[in-house]
Amino acid sequence: MSKTKIANQNYSLKNFDTIPMLKPHTPLLDGVDSPADLKKMSTAQLQQLADELREFLLYTTGVSGGHFGSNLGVVELTIALHYVFNSPKDQIVWDVGHQAYPHKILTGRRDKLTTIRSQHGLTAFPERHESEYDTFGVGHSSTAISAGLGMSLAMRYLGKHDKVVSIVGDGAMTGGMAFEAMNDAVQQNADLIVVLNDNDMSISQATGGFSKHLATLWQRGLAVDIDKNGDAIFTKRVISSEDRRIRHYLHMANEALDDWTSRLPNKIVEKLAEKGIPKPSQLETLPEKIANKLIDEVFPENLFKAIGFQYFGPFDGHDVAKLTQIFERVKQLQGAVLVHVHTVKGKGFLPAECDPITYHAITKLKKINPAQEKSVPVDSQKPAPTPAKKYSQVFGEFICDKAATDKQLMAITPAMAEGSGMTEFAKRFASQFFDVAIAEQHAVTLAGGMATQGVKPIVAIYSTFLQRGYDQLIHDVALQNLNVMFAIDRAGLVGEDGATHAGVFDIAFMRTVPNMVIACPKDENECYNLLNTCYEHIGPSAVRYPRGNGIGAEIDKNQAMYPIGKAALEQTIEATGEGASNVAKKVAVLAFGTMVKTAVTACQNLAETYPTTTFFVYNMRFVKPLDSELLDTLLAQNCSIVTLEEHQVMGGAGSAVNEYLVAQAAKTSQALPTLINIGIPDKYIAHGSPEQQLADCGLDVAGVVKQMQTILS
Ligand SMILES: Cc1ncc(C[n+]2csc(CCOP(=O)(O)OP(=O)(O)O)c2C)c(N)n1
Ligand SMILES: CC(=O)[C@@H](O)[C@H](O)COP(=O)(O)O
Ligand SMILES: [Mg+2]
């Protein structure tokens with residue numbers, strides 16, 4: 001039986017080692033305005049299209065910046081999917097969707113791809129409002145099988161017979177939801193095709209390794225190829241040593257079977273033949289078939305077969321001809337099918353193939369055309385000022401400094417080690433570092449379990465991904481008052497990734513949870529020292545800090561402990577105008593986190609227009625517990641109050657202040673002060689640069705000034 005030709009080298013792929021600065025010549029691609037245009041192409045043309053599409057991708061991503069390696073890895077896969085299936089009637093669902101740039105190019109958005117992730121441009125991930133070909137809004141991992149299954153079951157109920165294909169990466173396959181969905185697909189006997197895009201890589205070194213482990217699990221055992229008539233043929237694969245033992249026993253069984261059948265007396269054989277059992281001479285493949293059946297049934301070494309999927313693969317995910325043949329075949333099948341393809345993250349661009357973690361995403365490449373380069377004046381050659389540290393970097397420094405003396409510190413990341421600034425820590429404190437793959441729920445409860453043993457776990461997690469572990473935060477940490485600290489990165493608006501990745505709900509969903517302490521540093525120095533304060537605090541706590549760089553504050557690494565629940569007066573901007581003695585107005589601005597700097601600038605601007613008003617800007621530092629003493633004082637002084645936060649205004653820090661003041665005013669029969677809450681309005685903020693997003697929701701200085709004027713005039 002021929003082995004599956006995993007790498008069918010009957011095609012050549014162009015390789016690139018630089019990113020073209022000028023739009024490449026793509027005659028075939030220029031003619032593709034929808035997937036229908038693919039169906040007219042020959043296999044050779046499809047392969048040429050792949051080369052053109054890859055070069056075009058390099059060029060456009062150089063212009064736009066954004067996700068990179070994963071898109072290069074699915075060029076041929078995307079072409080084959082849109083060639084074989086009839087989108088948008090057939091539903092194609094991408095998991096995470098960071099790899100959907102080729103999909104967007106082939107579905108009518110080729111000429112807009114350079115706008116991806118820019119304000120008013122294409123969104124970073126598939127979004128339903130952007131195109132009928134974007135069947136489901138994605139961005140968070142491991143949702144595609146659930147969404148695809150939902151589409152399939154609804155279609156069955158409605159009597160529709162279109163196909164549903166969910167494309168899931170090996171990293172995304174480490175998310176528990178994927179297994180919940182696969183289990184349900186089988187028990188529902190649903191028609192669903194899952195394509196496992198297995199590039200042995202996720203987004204972090206360790207997770208890549210982790211998915212390798214899963215890959216070993218699911219790659220063991222049988223490869224299931226198809227022959228020229230499209231029939232499934234089992235072929236043995238190189239399998240692990242323990243499987244080899246199993247195979248040996250089966251081989252011995254075959255031998256015995258062979259021996260047995262060769263001794264059968266003819267009249268028995270005839271009797272069997274009457275019953276439709278073939279003669280020994282025709283039985284030569286029986287051992288093989290029985291062996292496969294045995295392997296298939298008794299030793300379903302393949303993870304997906306064990307769950308109940310029909311499994312095909314692994315195939316070379318860069319061989320368009322092979323892929324179209326496979327998809328044409330599985331398209332005819334009923335039930336849950338999994339097609340396993342091997343791709344290379346960064347395929348076709350050598351630097352990305354060699355370093356897929358770094359090239360997971362790239363920033364816009366500076367477009368200096370040769371003419372400009374020569375004329376750049378010398379003094380502009382001055383070295384650029386050192387940028388302020390990223391908050392993730394501050395976190396990484398904190399855990400390294402702390403772990404140097406505190407062996408109880410354990411640091412957990414769900415697949416975002418690099419993004420969370422933990423690369424150095426992972427190297428230096430490997431036994432205290434845990435990358436659990438894309439498994440946020442597990443990460444939180446893992447920390448809870450660890451804390452019961454007296455160690456001090458830190459869950460380093462993006463705000464938006466912590467949403468996945470909310471029940472675990474309550475049930476497995478806070479309710480048990482366990483000593484876990486959440487280092488919440490990407491808190492606030494995140495810019496180009498847009499609404500799916502905004503970290504704008506964490507204050508709302510954490511502040512109602514008893515035992516939680518929630519800290520919001522105003523800059524890098526407070527970030528470092530509030531991390532220390534919360535780390536040393538006994539009980540569950542969270543420090544939320546934004547994506548990107550700080551403001552250049554000097555970090556005093558004396559590992560200060562701030563008094564929990566105490567605010568600090570940041571700045572007073574005294575009234576200066578005539579009659580200022582009987583100051584007409586006192587305004588207290590209660591700013592949370594990075595909004596402190598914005599609050600000071602806004603009040604300085606307003607002081608010029610409202611000279612008889614004194615502004616007190618407070619750095620609140622903690623959302624929970626609030627500084628109740630300060631609020632009581634402000635209430636007694638009948639100060640107008642403004643709250644300011646980079647978080648949904650509904651349910652955020654401002655709501656907490658309101659709730660306290662209303663209750664306190666009622667309790668002490670005091671009048672409620674004039675009060676406004678400034679934050680992100682009740683809508684999703686579209687992608688753009690961080691500055692554009694802040695302006696879009698009135699959180700830039702101009703927007704804050706405008707909103708504050710409503711209580712000043
Ligand atoms: C719930 C969730 N956690 C983490 C992430 C961050 N993230 C984006 S892509 C990615 C890796 C995905 O790996 P894989 O599915 O193998 O896709 P590849 O990049 O290899 O194409 C991760 C962890 C996310 N988008 N969603
Ligand atoms: C697709 C995805 O979820 C990640 O790649 C995410 O875009 C990373 O965000 P940062 O760039 O903020 O680390
Ligand atoms: Mg991967």
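Counting convention: from 1, in listed order, for ligands and their atoms alike.
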**Asked** So F465 and Y462, would you call those rings parallel, tilted or perpendicular, with 30° and 60° as cut-offs?
**Response** parallel
Give the atoms of ligand 1, by number and element, whose distance to some non-hydrogen atom of [X] is under 4.0 Å.
X	value
S141	1 (C), 2 (C), 24 (C), 25 (N), 26 (N)
R468	1 (C)
E440	1 (C), 2 (C), 3 (N), 4 (C)
N199	18 (P), 20 (O), 21 (O)
A415	23 (C)

**Asked** Roughly how far, to the nearest 0.5 Å, is the OG1 atom of T78 from the CG atom of L53?
**Response** 7.5 Å
Regarding [X] and [Y], is there a side-chain donor-to-acceptor distance under 3.5 Å anywhere?
X	Y	result
N197	T343	yes
S392	D489	yes
H82	S87	yes
E496	H687	no

**Prompt:** Checking only N/O/S atoms, does N199 have one that is under 2.8 Å from the Mg ion (ligand 3)?
**Reply:** yes
**Message:** I'd like to know: is the Mg ion (ligand 3) within the 2.8 Å range of an N/O/S atom from D170, strictly under that distance?
**Reply:** yes
Do any N/O atoms on [X] end up under 3.5 angstrom from N/O atoms on ligand 1?
X	answer
A172	yes
G139	yes
Q99	no
H140	no
G171	yes
D170	yes

Using 4.0 Å as the upper bound for N to carboxylate O, is an ion pair formed by [Y] and [X]?
X	Y	result
E76	R54	yes
D523	K389	no
R544	D506	yes
R109	E130	yes

**Proximity flag M173 to ligand 1, non-hydrogen atoms under 4.0 Å** = no
**Prompt:** So, do F125 and H501 have ring centers that fall under 6.0 Å from each other?
**Reply:** yes
**Asked** Hey, are the side chains of Q99 and V75 touching, using non-hydrogen atoms and a 4.5 Å cut-off?
**Response** no
**Message:** Can you tell me if H129 has over 12 outside heavy atoms packed within less than 6.0 Å of its NE2?
**Reply:** yes
Below 3.5 Å only, please: the N or O atoms of ligand 2 paired with protein N or O atoms, distance on each line.
unit_1, atom_1, unit_2, atom_2, d
ligand 2, 3 (O), H501, NE2, 2.7
ligand 2, 5 (O), H67, NE2, 2.9
ligand 2, 5 (O), H360, NE2, 2.8
ligand 2, 7 (O), H67, NE2, 3.2
ligand 2, 7 (O), D497, OD1, 3.4
ligand 2, 7 (O), D497, OD2, 2.5
ligand 2, 9 (O), D497, OD2, 3.4
ligand 2, 11 (O), R547, NH2, 2.9
ligand 2, 12 (O), R490, NE, 2.8
ligand 2, 12 (O), R490, NH2, 3.3
ligand 2, 12 (O), R547, NE, 2.7
ligand 2, 13 (O), Y462, OH, 2.6
ligand 2, 13 (O), R490, NH2, 2.8

**Item:** Per-residue contact class, H98 against ligand 1 - non-hydrogen pairs under 4.0 Å
**Value:** side chain
